[in-house]
Amino acid sequence: KKRIKRLKKRPPKNGRVISFDEYGPVEVRPRGGRSWRQRGHPQRVRATYRRIHGVRNYLSAYDLQDDRLLMRCFRRKRGKEILRFFKYLRARYPQSERLYIILDNWSPHKKDEVVRWARCNNVSLVYTPTNASWLNPIESGFTGVHYFVIDNSDFADHAEINLAMRRYVSWRNAHP
């Protein structure tokens with residue numbers, strides 16, 4: 001707990017602090033929410049829909065120094081997908097720069113191949129205490145995702161949701 005607070009307040013000179021978590025599962029279904037509508041003409045949520053698309057998970061990272069959000073869509077969220085996302089993160093920064101990744105202590109985050117890869121690639125995994133995911137700075141970033149993408153939506157498929165997510169992340173990063 002103290003280490004996470006210290007990393008947030010005073011990021012190390014030799015590294016970069018990145019907050020990581022999963023957003024989802026996200027399914028294709030109509031969602032109610034708030035929106036600007038003409039008085040007396042509410043937008044209705046469909047009463048029936050078919051769950052034929054499955055779910056998607058968005059592995060997400062928040063770079064505390066640059067105030068940038070990164071999200072990638074995956075069908076599953078196992079250790080294999082987490083490792084792919086960490087490799088994507090590692091490729092974004094110079095190898096000489098140490099990455100301090102704040103994440104919760106969910107079992108796929110502690111898989112041997114993930115921990116071994118982190119040790120060999122100048123990455124330090126900083127786990128939040130059990131039942132203290134609120135310490136992870138990315139959690140507050142998911143509020144914007146939910147409010148601006150998921151609430152009051154009726155997407156046709158996951159490609160449409162993914163496009164909306166990418167547009168939101170692009171807008172959010174341009175207006176930190």
Side-chain angles (χ1 to χ4, degrees), residues 1-27 54-146 149-150 158-159 161-176:
K1 186 174 174 179
K2 289 179 185 177
R3 185 174 182 202
I4 293 170
K5 285 183 180 179
R6 191 174 44 237
L7 281 172
K8 289 192 314 190
K9 281 186 179 179
R10 283 177 274 133
K13 290 181 177 76
N14 69 332
R16 182 162 301 264
V17 181
I18 297 172
S19 176
F20 167 82
D21 206 358
E22 300 85 10
Y23 182 80
V26 176
E27 65 178 328
V55 299
R56 297 294 182 273
N57 298 281
Y58 290 84
L59 301 188
S60 311
Y62 173 60
D63 184 331
L64 275 68
Q65 280 102 319
D66 289 346
D67 192 16
R68 292 187 63 77
L69 181 65
L70 305 165
M71 297 180 90
R72 308 244 4 229
C73 181
F74 292 90
R75 287 183 182 270
R76 300 177 75 178
K77 57 178 185 178
R78 303 169 296 179
K80 189 188 312 184
E81 287 79 18
I82 291 165
L83 186 57
R84 273 184 46 206
F85 187 76
F86 284 176
K87 287 178 180 179
Y88 160 74
L89 281 179
R90 178 74 268 178
R92 293 182 57 87
Y93 303 100
Q95 191 68 29
S96 60
E97 189 174 29
R98 185 162 192 78
L99 299 183
Y100 295 88
I101 300 178
I102 300 171
L103 64 167
D104 55 33
N105 53 19
W106 186 44
S107 61
H109 298 164
K110 295 182 172 185
K111 289 273 190 197
D112 289 338
E113 57 269 17
V114 173
V115 173
R116 196 175 321 113
W117 176 86
R119 205 175 309 123
C120 296
N121 285 279
N122 202 15
V123 174
S124 179
L125 301 177
V126 182
Y127 297 102
T128 60
T130 304
N131 299 323
S133 63
W134 54 270
L135 282 172
N136 198 336
I138 198 168
E139 294 292 339
S140 59
F142 290 152
T143 302
V145 171
H146 198 77
V149 179
I150 302 299
H158 282 292
I161 296 173
N162 198 12
L163 178 62
M165 288 282 198
R166 288 196 323 259
R167 284 182 175 160
Y168 168 73
V169 168
S170 178
W171 176 88
R172 189 247 171 255
N173 289 337
H175 304 89

**Student:** Take D104 and K110 through the salt bridge (charged side-chain N to carboxylate O under 4.0 Å, His left out) test and state the conclusion after the steps.
**Tutor:** CA-CA 10 Å; D104 55 33; K110 295 182 172 185; over 6 Å; no

**Student:** Below 4.5 Å, heavy atoms only, C-beta onward: do P176 and L69 meet side chain to side chain?
**Tutor:**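 Heavy-atom side-chain distance check fails, nothing below 4.5 Å.
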
**Student:** Is there a side-chain contact between R16 and R92 in this structure, where contact means two heavy atoms from C-beta onward sitting under 4.5 Å apart?
**Tutor:**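 No, their side chains stay 4.5 Å or more apart.
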
**Student:** Strictly distance-based, threshold 3.5 Å: is any side-chain N or O of H158 a donor or acceptor partner for the main-chain N or O of G54?
**Tutor:**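 Side chain of H158 to backbone of G54: a pair is present.
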
**Student:** At what distance, to the nearest 0.5 angstrom, does CZ of R76 lie from CZ of R56?
**Tutor:**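 That separation rounds to 12.0 Å.
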
**Student:** Starting at CD1 of I102, measure out to OH of Y100 and round the result to the nearest 0.5 Å.
**Tutor:**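 Taking CD1 in I102 and OH in Y100, the distance rounds to 11.5 Å.
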
**Student:** Hey, does M165 have a side-chain heavy atom less than 4.5 Å from the side chain of V149?
**Tutor:**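 Yes, at least one pair of side-chain atoms sits under 4.5 Å.
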
**Student:** Calculate, to the nearest 0.5 Å, the distance between atoms CZ and CG belonging to R68 and D63 respectively.
**Tutor:**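 If we round to the nearest 0.5 Å, R68:CZ and D63:CG are 8.5 Å apart.
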
**Student:** Atom CG of residue position N131 - does it have more than 12 heavy atoms of other residues, nucleotides or ligands inside 6.0 Å?
**Tutor:**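 Counting other residues, nucleotides and ligands, CG of N131 stays at 12 neighbours or fewer.
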
**Student:** Ignoring hydrogens, what is the shortest heavy-atom contact between P12 and L7? Give both atom names and the distance.
**Tutor:**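 Here P12 and L7 meet closest at CD-CD2, 3.8 Å.
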
**Student:** I need the minimum non-hydrogen distance between P129 and N105, along with the two atoms involved.
**Tutor:**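 That closest heavy-atom pairing would be C-ND2, 4.0 Å.
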
**Student:** Applying side-chain hydrogen bond (donor to acceptor under 3.5 Å, both in side chains), name anything that partners Y23, two or more places apart in sequence or on another chain.
**Tutor:**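 For Y23 the side-chain hydrogen bond (donor to acceptor under 3.5 Å, both in side chains) partners, ignoring immediate neighbours, are H146.
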
**Student:** Can you check whether P108 reaches V114 side chain to side chain, under 4.5 Å on heavy atoms?
**Tutor:**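 They are not in side-chain contact.
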
**Student:** Identify, with sequence neighbours excluded, every residue that meets ring pair (Phe, Tyr, Trp, His ring centres under 6.0 Å) alongside H109.
**Tutor:**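 Residues passing ring pair (Phe, Tyr, Trp, His ring centres under 6.0 Å) with H109: F20, W106.
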
**Student:** Kindly compute the distance separating SG (C73) from CG (N57), expressed to the nearest 0.5 Å.
**Tutor:**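 Going from SG on C73 over to CG on N57, the span is 8.0 Å.
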
**Student:** Would a 4.5 Å heavy-atom cut-off, applied to side chains only, mark N136 and Y62 as touching?
**Tutor:**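 With C-beta onward as the side chain, the pair stays apart.
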
**Student:** Show me the side-chain donor-acceptor pairs of residues 77-90 shorter than 3.5 Å, one per line, residues at least two apart or across chains.
**Tutor:**
{"from": "R78", "atom 1": "NE", "to": "E81", "atom 2": "OE1", "distance (Å)": "3.1"}
{"from": "R78", "atom 1": "NE", "to": "E81", "atom 2": "OE2", "distance (Å)": "3.4"}
{"from": "R78", "atom 1": "NH2", "to": "E81", "atom 2": "OE2", "distance (Å)": "2.7"}
{"from": "E81", "atom 1": "OE1", "to": "R78", "atom 2": "N", "distance (Å)": "2.9"}
{"from": "R90", "atom 1": "NH1", "to": "E97", "atom 2": "O", "distance (Å)": "3.2"}
{"from": "R90", "atom 1": "NH1", "to": "N121", "atom 2": "O", "distance (Å)": "3.0"}
{"from": "R90", "atom 1": "NH1", "to": "N122", "atom 2": "O", "distance (Å)": "3.2"}
{"from": "R90", "atom 1": "NH2", "to": "P94", "atom 2": "O", "distance (Å)": "2.5"}
{"from": "R90", "atom 1": "NH2", "to": "E97", "atom 2": "O", "distance (Å)": "2.8"}

**Student:** Yes or no on side chain to side chain contact (heavy atoms under 4.5 Å, CB included) for I161 and Y58, after CA distance, side-chain angles and deciding distance?
**Tutor:** CA-CA 11 Å; I161 296 173; Y58 290 84; 3.6 Å; yes

**Student:** Tell me, do L70 and V169 make a side-chain contact under 4.5 Å, heavy atoms counted?
**Tutor:**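 When only atoms from C-beta onward are counted, V169 and L70 do not touch, as no gap falls below 4.5 Å.
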
**Student:** Just so I know, are the side chains of I138 and I18 near enough to count as touching, which here means a heavy-atom distance under 4.5 Å?
**Tutor:**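 Counting from C-beta outward, I138 and I18 never come under 4.5 Å.
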
